[in-house]
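Here the structure comes first, spelled out in structure tokens, and everything after it is commentary.
Heads up: numbering here begins at 1 and tracks the sequence.
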Amino acid sequence: MPELSSAPSPSARPERPAPSRRSWHRRAARPVTWWMLALIVVVLVHPWIPQSRWLMVHMVTLGLITTSIMVWGQHFTEALLKTRLGDETRARQVTRIRLLTAGIVVTIAGMLPSWPWLVLLGALMVSAALVWYAIALGLQVKAALAPRFVFTVKAYIAAASLLPLGAVLGSLLAFEAGEPWQGRLLLAHQILNVLGFVGITVTGTLLTLWPTVLRTRIDLPVARRAAHGTTGMLIGVLGAVVGALLGSPMVGVIFLLTYAASFGWVVTTLVRLSIQSARQERTVPLPRFPLLSIAAGVAWFAVAQLGLLTLWWRHADSPLSSSLLAADVQQLTAPFVAGFLLQVLLGAMSYLLPVTMGGGPRALKGSLGMMSRFATARVVAYNLVVALVVLAGADGTVADGVFSMLTLGTAQIADVGSWTRILLSLLGFVVLVSFLVLMMLAVRASVRLRRESLPTPGIGAPSASTPPASPAAPAPSATPATPATPATPATSASSASSASSKPPASPAERTVNRRALSGVLVGIGSVLGVTALGTSLDRSLGTRAGGDDGAGVSPAGSVTPTGETTTIAVSMAEMRFSPDVLEVPAGDSLVIELSNDDEQDVHDLVLASGVSSGRLRPGESTTVDAGVIEHDLDGWCSIAGHRAMGMTLQVVTGERGSEHDHAANMTGADELARIPLDLQSAPGAEHTLYDARLPESSGPEQRLTLEAVDVPAEIAPGLVMDAMTYAGTVVGPVIRSELGARLTVDLVNHGAMGHSLDLHAGQVAPDQAMRTIAPGESLEYAITTDHAGAWPYHCSTMPMSVHVSAGMLGALIVPPAGLAAADREYVLVQSEHYLVPPGAPGAAETLHEGALPVSSAKIAAEQPDATVFNGHATQYLDAPLVAKVGERVRVWVVAGGPSRGVSFHVVGAVFDTVFKEGEYLLAPENENAGGAQVLDLASAQGGFVEMVFEEPGTYTAVNHSMVEMERGARALITVTD
């Protein structure tokens with residue numbers, strides 16, 4: 001038997017249909033509330049959750065949106081087809097939603113630790129729920145008698161049929177298909193799910209929901225003509241998916257245009273209905289929040305479509321996977337998810353929830369009014385926040401102009417930094433959370449008003465033969481066309497005629513208009529206030545980071561100021577200033593319009609006069625007032641290594657300053673002077689001992705996160721380096737992988753500049769896996785460890801020698817097949833470090849007080865200050881490695897560099913096993929009774945040695961290149977009985 005039962009006649013209506021229907025809504029919609037609460041928790045703790053961006057997006061799209069579509073799609077289908085399912089079918093509908101919820105949870109549980117088969121299982125569960133849903137709607141269409149609005153239900157069925165395909169494509173992404181398929185699958189997945197499933201469902205719903213909320217009339221022929229747009233959208237989705245999978249931007253753009261035009265066809269009808277409603281006269285105002293929120297969501301959907309079209313067309317000549325998907329499509333996440341999906345969902349729910357609660361006109365009016373409290377201020381503030389966040393990630397004069405216009409000229413994109421983004425995001429988050437608060441208040445208001453309206457027993461109580469009123473069909477005076485009885489020509493015509501008899505403008509309506517204006521001002525004012533506070537914090541923090549506020553002027557000299565200003569635009573990209581020679585008449589004031597046009601790296605400008613721009617992220621710009629220029633000035637980028645790579649400029653005047661003037665901006669310290677080391681003292685109290693033990697096996701699948709962070713790190717007693725690190729330590733954590741295992745590393749950049757990762761054990765094209773990511777971005781790097789060895793990993797961002805010397809290196813150990821167990825296994829990674837001497841040029845250009853930056857000059861001159869094991873010169877002198885007599889000890893050694901090799905030797909021991917670069921050079925009990933004294937490794941090579949200590953005592957592991965040992969490449973091994 002199908003799920004459907006015919007609509008009963010009034011006389012045959014069940015005794016208590018209303019409570020059953022409300023009960024079903026409560027149970028079915030419960031997961032929506034769970035997802036809302038879970039989303040709030042994730043937003044609050046997302047910095048500590050792996051793949052938090054993916055998680056939050058899918059909690060909205062799968063958790064909130066898909067569940068809501070299944071709940072309200074069933075609701076609208078019954079209303080539009082004029083059918084009412086029997087109470088016995090409600091349990092199956094709730095089970096269907098629970099299957100969907102379980103599938104979403106399984107998908108998330110598989111995605112976070114990167115278990116692709118679990119992700120696939122979750123996708124299949126989600127697909128099963130949607131197929132069940134589509135079949136159930138189809139059976140209801142088949143059983144309906146002369147349905148008038150069947151086109152909307154058919155749109156639901158078509159849209160629901162797209163999601164299983166999108167879910168399966170999404171699950172394939174978890175298997176790391178590799179490029180170009182990874183990028184193509186991602187785009188097809190997004191098109192099917194967002195444009196297809198959600199876009200078509202929402203558009204079909206608006207054809208009846210929008211006039212219902214507006215309390216206006218939509219003629220059936222008009223609705224049918226507009227519904228043809230959903231068919232065009234379906235064709236556009238299918239064609240765009242083909243274009244994505246084929247990697248053909250041209251095909252994709254053509255069908256996206258088809259989709260956008262079809263959506264525009266429907267929106268035209270919705271706009272006409274809005275105008276029609278505005279011309280009607282009414283005393284009871286329309287529910288403001290549903291109207292504003294849904295309208296804003298539709299507008300963002302149109303903007304997002306235009307953005308996707310522009311991006312796809314712009315990259316018609318570029319590799320789709322590497323250019324479009326890897327970078328630009330993420331810019332559309334905020335318009336699609338925050339702008340479109342959340343606003344349409346919350347707007348619709350703010351209308352539908354009060355309606356389904358029922359209780360009569362008074363209760364409905366009260367709950368709708370509560371849901372629309374502060375509606376204008378909330379919608380204005382939220383949309384302004386979304387717009388500013390989107391524009392802050394854009395570049396170009398148009399984005400700058402729109403940003404300035406939206407902030408009423410009080411801010412520029414160049415002013416926006418991390419604090420501004422954080423505060424704006426918090427404001428938007430507060431607005432979203434207010435929906436939950438008002439929803440609970442609306443429920444309380446509805447319950448209270450229903451109780452107040454209950455008749456006194458015996459006085460005006462209905463007789464036993466009188467059927468109770470349906471809560472889903474409130475009186476026309478409250479809302480003439482509800483979702484349970486959607487706007488039809490008959491119902492809407494009566495409401496229109498009723499409204500036309502009302503006075504044109506009541507005092508209440510004028511009060512509402514004044515409140516709306518106040519709401520607009522409050523919304524704009526709150527965003528402007530938050531923006532002003534954020535930009536103020538960004539400027540002050542940028543001042544500390546850059547070392548100057550950029551407002552300094554050249555000291556007074558013999559040149560008379562002319563009173564004129566020379567303004568020059570300077571671009572920073574690819575380790576160059578352009579132009580790099582600025583010609584300024586002596587005595588003129590110089591203003592530099594500085595922009596960072598580099599796609600990946602952070603840059604700044606420091607002038608020898610002390611003026612600094614502060615650090616600029618990719619796409620950011622600022623204005624630098626260099627003051628009155630009296631003589632030539634040098635300028636450079638102070639980011640570690642950038643000056644050595646040639647990122648310098650000159651300010652040239654007609655009056656060349658004397659050597660004394662030039663020297664006045666410099667110090668007399670030798671930049672190549674060796675920094676003395678104290679190799680007899682223990683590490684400082686702040687230093688944490690690096691665990692040299694080899695980690696346990698991680699099995700055939702391993703996923704881990706490396707976070708790039710800048711820290712002050714002690715590399716010798718009393719010597720602190722301004723370090724760039726993986727996971728906060730000079731020499732990142734030891735990674736162990738097995739032969740043939742799958743290793744996935746999520747690189748997250750929390751540093752102040754661009755960073756990357758090079759896993760020497762992998763065989764991957766470096767274009768994507770090893771690309772530099774900007775601060776705040778993340779990168780997934782997956783390899784299969786098919787070859788045994790002791791492999792280094794390091795940052796490959798230029799200048800590579802600076803990043804490696806600053807601490808961004810580590811060891812990846814892949815034991816060879818059949819390797820016998822050892823009693824103890826240690827890993828030692830040698831690295832050398834080059835620091836700017838105190839008082840030398842650049843010594844003060846550091847992120848951390850008291851730390852010394854890396855010296856590019858010493859790197860070029862190959863004059864290291866310290867050569868150490870595992871990041872510190874004396875840590876294993878103070879806390880030696882340990883072993884016992886007779887134990888087999890295996891030591892893995894990696895020459896991490898950036899430039900020096902290692903001649904590894906243990907004083908007092910002989911190696912009976914030597915494994916270097918993937919092959920045994922010496923095996924135990926060899927026929928020649930041979931032994932080895934050193935493991936010689938060039939920079940970036942690795943291997944291991946084994947030994948058995950025959951006597952207790954203290955042994956010393958050293959780099960037998962003595963000068964390196966005397967710079968700190970030394971470790972003690974304490975052997976006991």
Checklist entry - With a 4.5 Å heavy-atom cut-off, do T874 and E714 have their side chains touching? => result no

Checklist entry - Is the shortest heavy-atom distance from the side chain of L743 to the side chain of L704 under 4.5 Å? => result yes

Checklist entry - Tell me, which pairs form a salt bridge (charged side-chain N to carboxylate O under 4.0 Å, His left out) where one or both residues lie in residues 730-741, sequence neighbours left out? => result R736-E738

Item to check | Interatomic spacing from CG in L779 to CD in Q768 - rounded to 0.5 Å | outcome: 8.5 Å

Checklist entry - How long is the span from the CG atom in L121 to the OG atom in S171, to the nearest 0.5 Å? => result 10.0 Å

Checklist entry - Under 3.5 Å, side chain of K916 to main-chain N/O of L937, donor-acceptor pair present? => result no

Next on the checklist: Testing the basics here: between A806 and M721, what is the closest heavy-atom pair and its distance to 0.1 Å?
Outcome noted: O-CE, 3.4 Å

Checklist entry - Counting distance only, does the side-chain N/O of E887 pair as donor-acceptor with the main-chain N or O of R824 below 3.5 Å? => result no

Next on the checklist: Minimum heavy-atom separation for S831 and V731, please, with both atom names.
Outcome noted: OG-CG2, 4.1 Å

Next on the checklist: Any non-hydrogen side-chain atom of N870 less than 4.5 Å from a side-chain atom of Q875?
Outcome noted: yes

Item to check | Inter- and intrachain pairs under salt bridge (charged side-chain N to carboxylate O under 4.0 Å, His left out), touching residues 955-964, at least two apart | outcome: R900-E964, E964-R967

Next on the checklist: Can a donor-acceptor pair be found, under 3.5 Å and without considering hydrogens, that links the side chain of R970 to the backbone of L877?
Outcome noted: no

Checklist entry - What do the steps show when you test D710 against H755 for side chain to side chain contact (heavy atoms under 4.5 Å, CB included), and what is the final call? => result CA-CA 11 Å; D710 301 322; H755 290 302; 4.3 Å; yes

Item to check | Main-chain N/O of P924 paired with E946 side-chain donor or acceptor, under 3.5 Å | outcome: no

Checklist outcome for this item: Taking every heavy atom of F904 against every heavy atom of V891, the minimum-distance pair comes out as CZ-CG1, 3.9 Å

Checklist entry - Does the side chain of T954 reach to within under 4.5 Å of the side chain of V975, using non-hydrogen atoms? => result no

Next on the checklist: Is it the case that over 12 heavy atoms from other parts of the model lie below 6.0 angstrom from the CD atom of Q933?
Outcome noted: no

Checklist outcome for this item: Nearest heavy-atom contact between S737 and T785 is OG-OG1, 2.8 Å

Checklist entry - Do you see a donor-acceptor pair shorter than 3.5 Å between the side chains of T797 and S756? => result yes

Next on the checklist: With side chain to side chain contact (heavy atoms under 4.5 Å, CB included) as the criterion, how do T688 and T729 come out once you've worked through the C-alpha distance, each side chain's angles and the decisive distance to 0.1 Å?
Outcome noted: CA-CA 9 Å; T688 300; T729 59; over 6 Å; no

Next on the checklist: Can a donor-acceptor pair be found, under 3.5 Å and without considering hydrogens, that links the side chain of N959 to the backbone of S903?
Outcome noted: yes

Item to check | Listed partners of W791 passing ring pair (Phe, Tyr, Trp, His ring centres under 6.0 Å), at least two apart | outcome: none

Item to check | F915 and L819: CA distance, side-chain angles, deciding distance, side chain to side chain contact (heavy atoms under 4.5 Å, CB included) verdict | outcome: CA-CA 11 Å; F915 181 91; L819 182 64; over 6 Å; no

Checklist entry - Do V889 and I973 come close enough that some side-chain heavy atom pair is under 4.5 Å? => result no

Checklist entry - Does CD in Q863 sit with more than 12 non-hydrogen atoms of other residues, nucleotides or ligands closer than 6.0 Å? => result yes

Checklist entry - Ignoring hydrogens and geometry, is there a side-chain-to-backbone donor-acceptor pair from D758 to H794 under 3.5 Å? => result no

Next on the checklist: Could you walk me through whether T867 and Q830 satisfy the side chain to side chain contact (heavy atoms under 4.5 Å, CB included) test, starting with their C-alpha distance in whole Å, then the side-chain angles of each, then the deciding distance to 0.1 Å, before giving a yes or no?
Outcome noted: CA-CA 7 Å; T867 305; Q830 178 184 286; 3.6 Å; yes

Checklist entry - Can you find a pair of side-chain heavy atoms, one from L852 and one from V836, that are under 4.5 Å apart? => result no

Checklist outcome for this item: To the nearest 0.5 Å, atom CG of N749 lies from atom CE of M724 at 10.5 Å

Checklist entry - Among pairs that include at least one residue of residues 854-865, which meet salt bridge (charged side-chain N to carboxylate O under 4.0 Å, His left out), considering only residues two or more places apart or in two chains? => result K858-D865

Next on the checklist: Out of the candidates V958, L679, T956, only one should pair with M965 under the side chain to side chain contact (heavy atoms under 4.5 Å, CB included) rule; please name it.
Outcome noted: V958

Checklist entry - Which residues satisfy the ring pair (Phe, Tyr, Trp, His ring centres under 6.0 Å) test with H833, sequence neighbours excluded? => result none

Next on the checklist: Please determine whether the number of non-hydrogen atoms from other residues, nucleotides or ligands lying under 6.0 Å from atom CZ of R674 exceeds 12.
Outcome noted: yes

Item to check | Qualifying residues under side chain to side chain contact (heavy atoms under 4.5 Å, CB included), relative to P898, sequence neighbours excluded | outcome: S801, V804, S805, E832, Y834

Checklist entry - Should V764 and M770 count as side-chain neighbours, where that means a heavy-atom distance under 4.5 Å? => result yes

Checklist entry - Of the non-hydrogen atoms in A938 and A895, which two are nearest, and what is the gap between them? => result O-CB, 3.3 Å

Next on the checklist: Nearest 0.5 Å, please: how far is OG1 in T784 from CG in L739?
Outcome noted: 11.5 Å

Next on the checklist: So, using side-chain hydrogen bond (donor to acceptor under 3.5 Å, both in side chains) as the criterion, who are the partners of D598 when residues are at least two apart?
Outcome noted: H603

Next on the checklist: Side chains of S899 and S939: any donor to acceptor distance under 3.5 Å?
Outcome noted: no

Next on the checklist: Among residues at least two apart in sequence or on other chains, which ones pass side-chain hydrogen bond (donor to acceptor under 3.5 Å, both in side chains) with N926?
Outcome noted: none

Donor-acceptor contacts, no H, no angles, side chain residues 810-818, under 3.5 Å, sequence neighbours left out:
none

Item to check | Sequence neighbours excluded, every pair satisfying ring-ring contact (aromatic ring centres under 6.0 Å, His included) that has a member inside residues 691-735 | outcome: Y726-Y793

Checklist entry - How far does CG of D746 sit from CG of L706, to the nearest 0.5 angstrom? => result 9.0 Å

Next on the checklist: Considering only residues two or more places apart or on different chains, which pairs with a residue in residues 851-879 satisfy ring-ring contact (aromatic ring centres under 6.0 Å, His included)?
Outcome noted: H687-H872

Checklist entry - Which residues satisfy the ring pair (Phe, Tyr, Trp, His ring centres under 6.0 Å) test with F949, sequence neighbours excluded? => result Y955

Next on the checklist: Please find the pair of heavy atoms, one from A774 and one from P618, that lie closest to each other, and give the distance.
Outcome noted: CB-CG, 4.2 Å

Checklist entry - Hey, are the side chains of F944 and Y920 touching, using non-hydrogen atoms and a 4.5 Å cut-off? => result yes

Checklist entry - Which distance, rounded to the nearest 0.5 Å, do you find between the CH2 of W636 and the CG of D604? => result 10.5 Å

